[in-house]
Asks: 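Have a look at the structure that comes next, please.
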Number of protein chains: 2
Amino acid sequence: MTSPSERGRMPSIRDVARLAEVSHQTVSRVLNDHPSIRPETKARVLDAIAVLDYRPNLAARALVTSKSQTLGVLSATIGEFGPTSSIAAIEEAARAEGYSVTTLNLTSTSPEDIGSAVRQLGREHVDGIVVLAPQVRVFHVLRGMASTVPFVTLQSASGADEIGLSADQMAGARLITEHLIALGRTEILHLAGPQDWIEAESRMRGYLDALREADLPTFPPIRGDWTADFGHFAGQELARRPDFTAVFAANDLMAIGLMHGFRDAGLRVPEDVSVVGFDDIPVAAHVAPPLTTVHQDFSELGRRAVALLLAQIRGEVAPSFGALAPVLRIRESAVSR
Amino acid sequence: MTSPSERGRMPSIRDVARLAEVSHQTVSRVLNDHPSIRPETKARVLDAIAVLDYRPNLAARALVTSKSQTLGVLSATIGEFGPTSSIAAIEEAARAEGYSVTTLNLTSTSPEDIGSAVRQLGREHVDGIVVLAPQVRVFHVLRGMASTVPFVTLQSASGADEIGLSADQMAGARLITEHLIALGRTEILHLAGPQDWIEAESRMRGYLDALREADLPTFPPIRGDWTADFGHFAGQELARRPDFTAVFAANDLMAIGLMHGFRDAGLRVPEDVSVVGFDDIPVAAHVAPPLTTVHQDFSELGRRAVALLLAQIRGEVAPSFGALAPVLRIRESAVSR
DNA sequence: TTGTAGGCGTTATCAT
DNA sequence: ATGATAACGCCTACAA
């Protein structure tokens with residue numbers, strides 16, 4: 001005489017119902033804490049649930065509700081510190097709200113690939129998507145897709161009318177450029193990020209604004225690819241025409257590579273050239289010389305993204321976050337103390 | 001006269017069946033390419049699928065098959081370069097095989113938390129789990145769980161009888177320690193990773209083995225926490241008792257912090273002290289001096305993990321991978337050229 | 001407050 | 001080779 005639940009199958013809502021001597025519907029009500037249910041009955045049901053170690057089948061629930069309690073993360077950034085920290089925070093915040101997270105890494109940012117990635121996430125019935133794909137093209141594709149799935153983007157220009165969420169990149173870039181100016185540097189170069197990257201544009205804009213405001217000459221920015229290797233290369237090249245006294249690199253990795261290149265060429269940092277970066281990655285404080293940079297709170301960004309997305313999903317009013325204030329981390333790479 | 005599929009609902013297998021003038025069962029057969037089906041019929045079905053832009057409902061499929069085509073990634077490492085690269089590779093490999101990936105970050109490694117994380121993944125019906133939780137305790141908990149879900153661990157000692165998959169940490173540690181010895185260093189310290197971390201133990205073991213084999217004195221290892229900040233602190237402390245001529249740090253971050261600490265104390269690297277690390281993170285080549293370290297192929301590790309896990313899930317014979325050979329990256333932090 | 005009936009979209013089983 | 005029918009485990013709607 002074996003009950004179904006003893007035959008290796010996972011206990012279902014009906015097994016619980018039988019044990020608690022109620023209908024399976026009552027069990028369902030307990031599960032979704034429906035208001036009208038007698039405490040006594042509820043207790044019996046909860047008891048049965050505990051006894052059987054019953055867990056609702058998420059697939060069944062997803063099928064009938066067409067909601068999966070799952071958030072998708074669409075990322076087009078490979079293993080960098082910033083996005084990675086944000087993703088970890090997203091995941092934690094989502095779990096805290098009862099959502100699980102599935103990630104999808106974009107290897108290309110062609111409209112087709114983005115489209116198919118979003119569709120794939122749709123197939124998986126994610127309830128919403130967080131996009132960490134800082135290229136403007138991705139942004140455009142997304143807008144045009146009229147996707148049925150709510151989404152939030154993590155990076156964007158700091159323009160007020162954007163959907164996106166981000167630290168105020170432009171303000172940060174301005175801040176650090178002004179710092180260089182305050183130090184008495186007047187020929188300030190910019191080692192920018194790749195074209196098409198929203199953050200690269202914002203940081204460049206902040207840089208240009210600061211220079212213009214100070215009536216300082218601007219130079220055509222060098223286009224980098226975010227990597228330390230490129231920074232290294234650029235440093236060696238730049239050292240041949242030392243018509244500058246400071247460089248603002250669009251991220252820390254390039255700044256560190258840049259310093260390496262300068263070192264190779266016999267240029268001293270900060271004596272001959274000031275170098276500053278952006279992001280404040282964990283090694284920034286420990287390279288030689290310690291890197292002056294702009295600190296970003298990637299984790300907070302991730303948490304906000306989830307809050308915003310969930311509000312959108314639930315149809316609540318979106319919490320309005322002020323822009324995340326970037327903070328200057330002054331160390332020795334801009335000037336010796 | 002509106003067909004169901006025109007009323008905003010997603011087209012289902014029955015809509016396809018109606019359009020192709022077959023039973024929904026036949027459509028299902030086409031979907032799962034069942035052998036016995038007339039090519040002509042199949043073509044008609046595929047046509048209808050294309051016309052309706054039909055996509056199978058994954059939740060429904062998961063419900064009936066109790067397989068989700070989803071892999072879980074259980075990670076207990078916060079945003080470090082190595083694990084992150086592996087996770088990206090895992091995700092890519094999994095998608096290539098038609099699996100999606102859901103990640104779960106462990107904030108604590110208490111048995112209860114691990115248990116509930118695994119159960120959570122179980123609730124989500126993952127078909128298998130990749131564990132990147134390099135603490136031995138996690139490993140033990142997992143073994144004891146007799147979980148019904150197949151899993152693979154990414155880190156482990158290099159002992160042959162382990163389930164885990166990893167680069168040969170011990171060999172790498174040995175290799176780099178021998179390199180220090182070959183350079184003529186005889187008083188070699190080890191800045192280790194935290195107790196309880198499998199990799200920390202392996203690297204320490206490799207270090208000890210190399211020293212013993214060379215009849216060199218060993219010192220009690222300093223226990224670090226993997227961070228550059230700790231390395232920095234340790235460097236300042238160690239500089240007060242300079243009874244050593246080389247330090248092998250268990251990872252690059254600590255090595256970089258260490259060099260910073262030495263610099264603060266006026267100790268020159270590599271002239272006074274050689275410093276080497278482990279991992280070959282992207283900045284390793286660009287710090288001053290460039291860091292001699294052991295390169296690990298994190299991506300390959302991730303791919304192998306997926307291959308192994310899928311074989312286990314499908315009941316195929318597991319591909320037997322040889323240990324991933326670690327490779328020495330000789331730069332200037334151990335000795336000046 | 002509780003129960004009954006029906007359906008979500010798919011695959012499995014047994015017919016034909 | 002194809003079709004009818006019955007699950008899978010849950011929720012929503014309505015009835016009692």
Side-chain angles (χ1 to χ4, degrees), chain A residues 3-5 7-46 48-49 52-70 98 122-125 127, chain B residues 3-5 7-46 48-49 52-70 98 122-125 127:
Chain A
S3 86
S5 64
R7 287 209 310 268
R9 228 192 53 218
M10 292 296 289
S12 88
I13 201 171
R14 288 166 205 279
D15 299 317
V16 176
R18 198 171 312 124
L19 185 59
E21 301 183 293
V22 295
S23 81
H24 66 103
Q25 199 33 240
T26 302
V27 177
S28 173
R29 291 198 179 95
V30 172
L31 254 31
N32 304 299
D33 33 41
H34 189 92
S36 51
I37 196 157
R38 203 177 339 138
E40 180 194 313
T41 315
K42 181 169 183 173
R44 258 210 334 280
V45 170
L46 288 176
I49 288 179
L52 296 177
D53 191 32
Y54 161 81
R55 325 240 165 202
N57 181 320
L58 264 29
R61 188 175 280 177
L63 175 58
V64 65
T65 61
S66 50
K67 268 148 187 25
S68 62
Q69 292 289 107
T70 297
R123 277 166 51 91
E124 294 173 29
H125 286 102
D127 297 336
Chain B
S3 85
S5 64
R7 288 208 312 268
R9 228 193 53 219
M10 292 297 289
S12 88
I13 201 172
R14 288 165 206 279
D15 299 316
V16 176
R18 199 170 312 126
L19 185 59
E21 301 183 293
V22 295
S23 80
H24 72 271
Q25 196 37 238
T26 302
V27 177
S28 173
R29 291 199 179 94
V30 172
L31 255 30
N32 303 297
D33 33 43
H34 189 92
S36 50
I37 195 156
R38 207 181 332 142
E40 181 193 311
T41 314
K42 180 169 184 174
R44 258 208 337 278
V45 170
L46 288 176
I49 288 178
L52 296 177
D53 190 33
Y54 161 82
R55 325 240 164 202
N57 181 321
L58 264 29
R61 188 175 279 178
L63 175 58
V64 65
T65 61
S66 50
K67 267 144 188 25
S68 62
Q69 292 289 106
T70 297
R123 276 166 51 92
E124 294 173 29
H125 284 103
D127 297 337

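Quick note on labels: first sequence line is chain A, next is B, and so on, each numbered from 1. Here the structure is a predicted model, which is why all the values come from computation and not from measurement. Hydrogens, waters and symmetry mates play no part in the numbers below; they use all other heavy atoms, side chains included.
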Asks: In the 5'-to-3' direction, what one-character label does each nucleotide of nucleotides 8-16 of chain C receive under the scheme B = base within less than 4.0 Å of a protein heavy atom, S = sugar-phosphate only, - = no such atom?
Replies: BBBBBB---

Asks: With sequence neighbours left out, write down each residue that passes side chain to side chain donor-acceptor pair (under 3.5 Å) with B/Ser23, or none if nothing qualifies.
Replies: B/Thr26

Asks: Please report the interatomic distance CG(A/Leu58) to CG(B/Leu63), rounded to the nearest 0.5 Å.
Replies: 11.5 Å

Asks: Measure the angle between the two terminal helix axes of the helix from C/dT1-D/dA16 to C/dT16-D/dA1, five base pairs each, and quote it to 10°.
Replies: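 End-to-end axis angle: 40°.
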
Asks: Drop me the distance from B/Arg55's CZ to B/Ile13's CD1, to the nearest 0.5 angstrom.
Replies: 15.0 Å

Asks: Do B/Arg14 side-chain atoms and B/His24 backbone N/O form a donor-acceptor pair below 3.5 Å?
Replies: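 Absent.
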
Asks: Whole Å only: how far is the CD atom of A/Gln69 from the P atom of D/dC11?
Replies: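 In whole Å, D/dC11 P and A/Gln69 CD are 11 Å from each other.
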
Asks: Under 4.0 Å, counting only non-hydrogen atoms across every strand here, what does A/Ser66 touch: a base, just sugar-phosphate, or nothing?
Replies: nothing

Asks: Closer than 4.0 Å, any side-chain N/O of A/Thr26 to the OP1 or OP2 of C/dT2?
Replies: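 A/Thr26 to C/dT2 OP1/OP2: no side-chain N or O under 4.0 Å.
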
Asks: Return the OG to CZ distance between A/Ser28 and A/Arg61, rounded to the nearest 0.5 Å.
Replies: 8.0 Å

Asks: Return the nearest nucleotide to the side chain of A/Ser23; candidates are C/dT4, C/dT1, D/dG3.
Replies: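 The closest nucleotide is C/dT4.
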
Asks: If only atom types and distance count, is the side chain of A/Asn57 paired as donor or acceptor with the main-chain N or O of A/Ala59 below 3.5 Å?
Replies: yes

Asks: In whole Å, I'd like the distance from the NE2 atom of A/His34 to the C1' atom of D/dA13.
Replies: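 My rounded result for the distance is 12 Å.
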
Asks: Taking the side chain as every heavy atom from C-beta outward, state whether A/Arg29 and A/Thr41 have any pair of such atoms under 4.5 Å apart.
Replies: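 The answer is no, as the side chains (C-beta and beyond) never meet within the 4.5 Å cut-off.
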
Asks: What's the CZ-C1' distance between B/Arg44 and D/dT2, to the nearest Å?
Replies: 11 Å

Asks: Please round to the nearest 0.5 Å and tell me the distance separating atom CD of A/Gln69 and atom CZ of B/Arg123.
Replies: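 Taking CD in A/Gln69 and CZ in B/Arg123, the distance rounds to 9.5 Å.
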
